[in-house]
Structures are given as structure tokens and as C-alpha cells.
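All remarks here apply to the structure that follows.
Reminder, nothing fancy here: chain letters follow the sequence lines and each chain counts from 1.
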Amino acid sequence: MLTAILLTIWGILCIFDVLGPTLIYATRPLIAGTGAGIIVGDLQLGMAVGATLELTALGVYTYGGATIPDYQTGAIIGTALAAAGAGDLATKTAVGLTIGLPAAVLLASLDPIGRFLPTFWIHRADRYAEEGNSSGLTWMHWTAFIPWGLVRAIPTFMAALALNTDTVRQVQAAIPQGFIDGMTLVGAVLPAVGFAMLLKIMPVSKYWYMLLVGFVLYAYLKVPLLGIALFGLAIAFMFETLKPQAAAGRGGEVSING
Amino acid sequence: MASTPVPAGGPTAPPAAPALPKLERSDLRAAFWRYFWTFQISWNYERMQALGFAYAMEPVLRKLFPNKEDYAAALQRHLVFFNTDPVIGAPLIIGSAIAMEEAGAPASAEGVKVALMGPLAGVGDTILYAIYNSIIFTIGASYALQGNLLGPLFAAVMVLVPYFLVRWWQFFWAYDQGKALATSLATGALERVTEGATILGLIVIGGFIPSIVHLVTLADYKQTLTVAGKSVTQTVAVQAQLDTILPFMLPIIVTGFVYWLLKRYNLNPLWAIAIVFVIGVGVGWLGWFAPALPAAK
């Protein structure tokens with residue numbers, strides 16, 4: 001029960017973090033899963049489930065307020081339930097992914113509720129603004145977070161309650177080994193979807209050759225990822241520095257004298 | 001960007017009221033911290049970040065408008081629809097809106113909000129999430145998969161410090177720039193930053209694909225050769241053959257295939273995940289493919 005409560009509080013903190021201060025981007029599955037791993041006492045599992053989900057969700061953010069799979073809750077639930085299961089880290093990670101990924105997709109249907117309900121709060125805020133009532137405005141702003149928190153807290157808490165039963169082990173026992181092998185493969189290949197989604201929103205046809213630079217650095221020269229990122233930074237600066245200054249750039253200032 | 005409308009009665013309009021009170025640095029900090037801790041907690045479909053914006057402006061407006069009616073009107077002015085990138089964008093717009101309210105040009109404050117929120121949302125979202133976050137979280141995840149706690153910690157610290165600095169700096173810079181802001185942004189700086197970030201992003205993704213997507217085939221075939229007059233049957237691993245042609249060929253093919261599906265058919269990413277899920281479980285179960293070759297027996 002204590003674990004369930006802690007996981008729920010963690011879930012609320014995660015969504016608060018990203019709506020508010022964004023200290024550690026805790027709704028990202030890597031962070032949410034790692035936190036859940038610490039709470040359930042299996043850090044390695046939390047990191048593995050979180051990292052696997054993270055790589056399927058690259059570039060997936062709520063642009064313009066769009067609803068995306070609830071990877072945060074998926075990572076927390078997946079980690080917590082897999083920790084109650086049996087087997088080695090790879091098996092538990094596959095179980096966590098089997099639970100976490102569908103959970104993230106299904107729970108996306110709750111997200112619009114959390115985004116819709118604060119609409120009522122803002123109409124109250126309109127009235128307070130009209131009266132020049134600043135404490136009323138403050139109250140509306142802070143309490144409008146409640147729907148946001150609840151749509152994540154409720155499923156997290158309900159799933160975490162299952163931790164105290166044998167259900168997880170029974171379900172896991174019913175999963176054949178071949179499926180676990182398949183899920184392990186899926187976890188290793190799903191980042192391809194993440195990268196493909198990133199590429200889709202980038203001008204690949206214009207700068208496709210930049211992909212080759214990174215590929216050659218890794219595949220042939222064995223440069224670590226951080227090294228590739230630093231090299232990329234240097235190339236980006238070079239590209240922008242060496243490029244002829246666009247004539248349109250400073251036009252506005254010059255014409256003032258004319 | 002070029003068509004940024006100059007708000008009617010802009011910077012040169014006579015102040016509505018004589019000599020508004022001056023803002024202290026502490027007033028600005030109060031607004032910044034309100035923005036920082038809570039900006040999007042009341043986000044909603046109807047007006048998105050409007051209440052967060054008004055809440056951040058409130059301490060400043062209270063100081064500027066001692067008259068209750070002016071204060072109420074100012075609060076309502078900043079409760080209108082607003083949405084931009086919360087990290088690259090919002091602090092800049094809040095800072096310059098404060099400068100304009102202080103200058104007695106509320107119409108300019110409204111103008112700058114409308115003019116900048118769209119472009120900054122596009123630039124901010126691209127640089128921050130698609131590129132910066134993808135890089136730091138991919139690196140963090142790859143360490144985490146090796147069981148290294150430094151992975152998540154790396155990602156967390158790379159959010160904690162740069163995110164704070166970029167917001168703090170933007171907010172006060174925009175306030176100090178005041179009216180000069182819109183012109184200095186329009187000089188093409190934003191496009192250049194976006195282009196540079198795009199190049200960085202593509203280079204990094206080029207390295208990420210082979211290092212993060214793990215897929216090899218376990219298939220092999222029997223080959224009968226005639227060596228020195230004797231017939232020899234040997235088992236040839238397909239993966240070894242693929243590696244001699246191009247390393248990491250399968251991860252590239254899969255990523256390219258998914259990209260093609262998304263691009264060509266505008267497929268919902270959830271369907272792409274479902275397809276990978278079904279095919280992956282199938283071929284993994286059958287033992288045709290695996291994340292890595294089994295250790296040599």
C-alpha cells in the first residue's frame with residue numbers, strides 16, 4: 001500500500017514537473033521509470049523499462065497541446081508490475097514493456113479529460129479577473145492542476161494496488177517464453193519508430209547527407225554518442241558561420257538612413 | 001515572421017495614464033518565479049496557457065495599476081488565448097509584455113504576444129524537443145540500458161541547468177530589450193539557429209540509429225563447396241554476410257521502412273508501433289531475428 005501511494009505521488013510530481021518548473025523533465029519515461037524503479041526497489045528494472053520506452057518516444061511531445069501516449073504512467077506501471085514478477089532482468093524488462101507500452105497507448109484516452117476540465121476553472125478565473133480579485137485568480141490557477149494530476153494518479157494507483165497480489169505472477173506464468181523473446185526483440189527494434197518519427201519532422205531531403213556523417217562516425221570509426229553530438233555541434237556552427245550572410249538579414253536597419 | 005503586424009497605436013502612442021509606477025527588479029523576479037514554477041499547470045483546451053500568463057503578470061500589473069479598475073482590465077487583457085513553447089518562447093514574451101505594460105503601451109503588449117507566440121512555438125519546439133531533448137535522452141537511455149545510473153542522471157542534469165539558464169536569461173533579456181525585441185528577432189537569427197540545430201540533429205540521428213536500434217538475423221544456410229576435390233558442407237550465417245556489405249544494415253532498413261510508412265502514407269505513429277510490435281513478436285518468437293547474436297558457443 002505504501003508503495004502504491006509513493007508511486008502515485010511520484011506520478012503526480014512527474015506531471016507537475018513538466019507543466020510547471022520542468023526541473024528534470026520527469027514525464028519522460030526514462031526519468032519516470034527510473035523513479036519508479038527506486039520506489040519499488042529495482043533500479044535496474046526501472047532504468048531498463050524507462051529507457052526502452054524512452055527510445056520509442058523520441059521526439060514525441062505534446063506539440064501545441066496534442067495528446068500523445070501517456071509514456072509516464074506506462075513506465076511507472078510497467079516497472080512496478082514487472083518488479084513483482086519473476087525472472088532475470090531481461091525477462092522482467094520484456095514483461096514491463098508488455099505492460100507499459102499498451103498502458104501508455106490506452107491511457108492516452110484519459111489525457112483529453114485532464115486537458116478539458118480546467119476549461120471550467122478558467123471561466124471562474126474570468127470572473128475573478130473582472131473583480132480584480134487576485135487571490136481568486138491564484139486559487140483557480142493552482143487548482144486547475146487537479147484534473148491533470150488525477151487522470152494520471154488514478155490509473156497509477158489502481159495498477160500499483162495489484163502489486164500486493166499474486167496476479168502479476170499468475171499472468172506472467174501464462175506468458176510463453178517465445179513471446180518474451182519476441183518482446184525483447186520488439187524493445188530493441190522500437191527505437192526505429194522513434195527515429196523515423198524524428199526524421200519525419202526534419203528536412204531530410206535537404207540535409208540527408210548529414211545522416212551519413214553520424215553513421216560513418218559510429219559504424220566505422222566507433223565514436224561514442226556524446227562524441228558524435230559534439231562533432232555535430234562543431235559542424236552546425238561551421239555550417240552557419242561559413243554560409244554567406246543572407247542579404248535579407250540586416251536590410252531593415254540599413255534602410256532607416258536611406 | 002516578415003509580416004509581423006505592428007499593433008495599432010504601437011510604441012509611439014501616448015500613454016493612457018500619466019507616469020506609471022516604475023518596476024523594481026524584485027517585481028520582475030516575482031513574475032519570473034510565478035512563471036517558472038507554475039506556467040502550464042492550468043493548461044486547458046479553450047485558452048491553453050492564458051491563466052498561467054495572467055498569473056505570472058499579476059504581481060507586475062498590481063504594481064503598475066494601483067487603480068482597481070485598471071488592474072482588473074489589465075488582468076482580463078492577459079487572460080486571452082495564449083500558447084507557445086513554455087521554455088523557449090514564453091519567458092521571452094512575458095518579459096517583453098512586462099516592458100510594454102510598464103511603458104504604458106498595453107496594445108503593444110498584446111501585439112507582441114500574438115506576433116511572437118506562433119513563430120517561437122515552432123522554433124522552440126523544434127530545437128528543444130525534437131533535437132535537444134532527443135539527443136540528451138537518447139544518450140541517457142543508452143547508458144541506462146547498460147545499467148548505468150549516470151544515464152538518467154545525465155538527462156536530468158542536462159534539463160535542470162540549461163533549461164533554467166535559458167529561461168532566466170530570456171526573460172530578463174526580453175524585458176531589457178523591450179520594444180527593440182521584435183526587430184532583433186526578425187533579422188533571420190531564428191532561422192539560422194533552427195537550421196544549425198537541424199544539422200546537429202541529423203548528424204546525431206545518423207549515429208543513433210546504428211547504435212540504439214539492435215537487430216540481427218540468426219538465419220543461416222548450408223553451402224556445399226568443392227574444396228580440393230572434396231565436397232564440404234558448411235553453415236553460413238546470413239548476418240556475417242550482411243556485415244561485409246554494410247554494417248548495421250538491418251537497423252537501417254527497419255528505420256528507413258518505418259520512415260517511409262510515416263512519410264509516404266502519413267501513418268499514425270501508433271500504427272507503426274503496432275506493426276513493429278506484431279512483426280517483432282512473431283519473428284522473435286520464431287527465432288529468426290534477435291537483438292544481438294548469441295555469445296559464441
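- Per-residue heavy-atom pair counts under 4.5 Å with chain B were compared for A/Val204, A/Thr93, A/Ile180, and the maximum is reached by A/Val204.
- Of the listed residues (A/Gly50, A/Gly178, A/Gly46, A/Ala144), the one with the most heavy-atom contacts under 4.5 Å to chain B is A/Gly178.
- Neither the backbone nor the side chain of A/Thr98 comes within contact range of chain B; no heavy atom of the residue lies under 4.5 Å from a heavy atom of that chain.
- When side chains are defined from C-beta on, A/Leu101 counts as touching B/Phe277, because their heavy atoms get closer than 4.5 Å.
- Nearest approach of A/Gly132 to B/Leu75, heavy atoms of both residues: CA-CD1, 4.4 Å.
- To the nearest 0.5 Å, atoms CG (A/Leu190) and NE2 (B/His214) are separated by 13.0 Å.
- With a 4.5 angstrom heavy-atom cutoff, B/Asp85 does not touch chain A via any of its atoms.
- Here the closest heavy-atom approach between residue A/Gln44 and residue B/Gly147 is recorded as OE1-CA, 3.0 Å.
- Interatomic distance, CD of B/Glu46 versus CZ of A/Phe120, reported as 10.0 Å (0.5 Å rounding).
- Using a 4.5 Å cut-off between heavy atoms, B/Phe137 touches chain A through backbone and side chain atoms alike.
- With respect to chain B, the highest number of heavy-atom pairs below 4.5 Å among A/Ile15, A/Thr143, A/Thr34, A/Asn133 belongs to A/Thr34.
- Counting heavy-atom pairs closer than 4.5 Å to chain A, the top-ranked of the candidates B/Phe39, B/Phe65, B/Tyr71, B/Tyr35 is B/Tyr71.
- Across A/Arg28, A/Lys200, A/Lys206, A/Met238, the residue that shares the most heavy-atom pairs under 4.5 angstrom with chain B is A/Lys200.
- For B/Gly52 against A/His141, the heavy-atom pair with the smallest separation is CA-CE1, 3.4 Å.
- Both the backbone and the side chain of A/Leu199 come within less than 4.5 Å of a heavy atom of chain B.
- Atom CG in B/Leu145 sits 9.0 Å away from atom CE in A/Met47 (nearest 0.5 Å).
- Atom CG of residue A/Leu137 and atom CE of residue B/Met57 lie 12.5 Å apart, to the nearest 0.5 angstrom.
- Between the side chain of A/Trp142 and the main chain of B/Thr38, no donor-acceptor pair closer than 3.5 Å is present.
- Most heavy-atom pairs under 4.5 Å with chain A, from the set B/Thr138, B/Val161, B/Val254, B/Ile131: that is B/Thr138.
- Looking at A/Met140, both its backbone and its side chain come within 4.5 Å of chain B, counting heavy atoms on both sides.
- Contact record, B/Pro152 with A/Ile31: O-CD1, 3.8 Å, taken as the closest heavy-atom pair.
- A distance of 9.0 Å separates OG in B/Ser42 from CG in A/Leu19, rounded to the nearest 0.5 Å.
- The greatest number of non-hydrogen atom pairs below 4.5 Å with chain B, out of A/Pro112, A/Ala26, A/Gly37, is found for A/Pro112.
- With a threshold of 4.5 angstrom between heavy atoms, A/Glu131 approaches chain B through N, CA, C or O but not through any side-chain atom.
- Per-residue counts of heavy-atom pairs under 4.5 Å with chain A were compared for B/Ile203, B/Ile275, B/Ile136; the largest is that of B/Ile203.
- Among the candidates B/Leu202, B/Val159, B/Val258, the residue making the largest number of heavy-atom pairs closer than 4.5 Å to chain A is B/Leu202.
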Listing, residues 208-227 of chain A side-chain donor-acceptor contacts under 3.5 Å, not counting sequence neighbours, or none:
| from | atom 1 | to | atom 2 | distance (Å) |
| --- | --- | --- | --- | --- |
| A/Lys222 | NZ | A/Ala219 | O | 3.1 |

Verdict with reasoning, B/Asn133 to A/Tyr25, per side-chain hydrogen bond (donor to acceptor under 3.5 Å, both in side chains): CA-CA 9 Å; B/Asn133 269 16; A/Tyr25 229 110; 4.6 Å; no

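- Within the 4.5 angstrom heavy-atom criterion, atoms from both the backbone and the side chain of A/Leu23 approach chain B.
- Counting heavy atoms from C-beta outward, B/Tyr259 and A/Phe195 have side chains that stay 4.5 Å or more apart.
- With a threshold of 4.5 angstrom between heavy atoms, A/Leu43 approaches chain B through side-chain atoms but not through N, CA, C or O.
- Looking at B/Ile273, the atoms closer than 4.5 Å to chain A (heavy atoms on both sides) sit in the backbone and in the side chain alike.
- Interface remark: A/Thr119 contributes backbone and side-chain atoms alike to the contact with chain B (heavy atom separation under 4.5 Å).
- Heavy-atom distances place both the backbone and the side chain of A/Glu130 under 4.5 Å from chain B.
- Your options are B/Pro291, B/Ala292, B/Gly140, and the one with the most heavy-atom pairs under 4.5 Å with chain A is B/Pro291.
- Within the 4.5 Å cutoff, the side chain of B/Thr198 has heavy atoms near those of the A/Pro203 side chain.
- By the 4.5 Å heavy-atom criterion applied to side chains, B/Trp285 and A/Pro176 are counted as neighbours.
- Neither the backbone nor the side chain of A/Pro29 comes within contact range of chain B, judged by heavy atoms closer than 4.5 Å.
- Neither the backbone nor the side chain of B/Ala121 comes within contact range of chain A, judged by heavy atoms closer than 4.5 Å.
- Contact of A/Ile68 with chain B is not made at all, since no heavy-atom distance falls under 4.5 Å.
- Contact of A/Tyr63 with chain B is made through backbone and side chain together, with heavy-atom distances under 4.5 Å.
- A/Arg115 contributes no side-chain N or O that, together with a main-chain N or O of B/Trp43, makes up a donor-acceptor pair within less than 3.5 Å.
- Of the atoms belonging to B/Phe164, not a single heavy atom falls under 4.5 Å from chain A.
- Looking at B/Asp125, the atoms closer than 4.5 Å to chain A (heavy atoms on both sides) sit in the backbone and in the side chain alike.
- Within the 4.5 angstrom heavy-atom criterion, no atom of B/Thr126 approaches chain A.
- When heavy atoms are compared at a cutoff of 4.5 Å, B/Pro86 does not approach chain A at all.
- Here A/Ser134 contributes atom OG and B/Leu61 contributes atom CG; the two are 11.0 Å apart, rounded to the nearest 0.5 Å.
- No part of B/Phe257 comes within reach of chain A, as not one of its non-hydrogen atoms sits under 4.5 angstrom from that chain.
- Counting heavy atoms from C-beta on, the side chains of B/Val281 and A/Phe179 come closer than 4.5 Å.
- Heavy atoms of A/Val189 lying under 4.5 Å from chain B belong to its backbone as well as its side chain.
- The shortest side-chain heavy-atom distance between B/Gln76 and A/Asp126 does not fall under the 4.5 Å cut-off.
- No side-chain heavy atom of B/Asn44 sits less than 4.5 Å from a side-chain heavy atom of A/Trp121.
- Within the 4.5 angstrom heavy-atom criterion, only side-chain atoms of B/Glu58, from C-beta onward, approach chain A.
- Using a 4.5 Å cut-off between heavy atoms, A/Tyr207 contacts chain B through both its backbone and its side chain.
- In this structure, chain A has heavy atoms under 4.5 Å from both the backbone and the side chain of B/Leu149.
- Of the listed residues A/Thr56, A/Leu185, A/Ile24, the one with more heavy-atom pairs under 4.5 angstrom with chain B than any other is A/Leu185.
- Without hydrogens or angle criteria, B/Arg167 side chain to A/Pro21 main chain gives a donor-acceptor distance under 3.5 Å.
- B/Ile209 touches chain A through backbone and side chain together, each having a heavy atom under 4.5 Å away.
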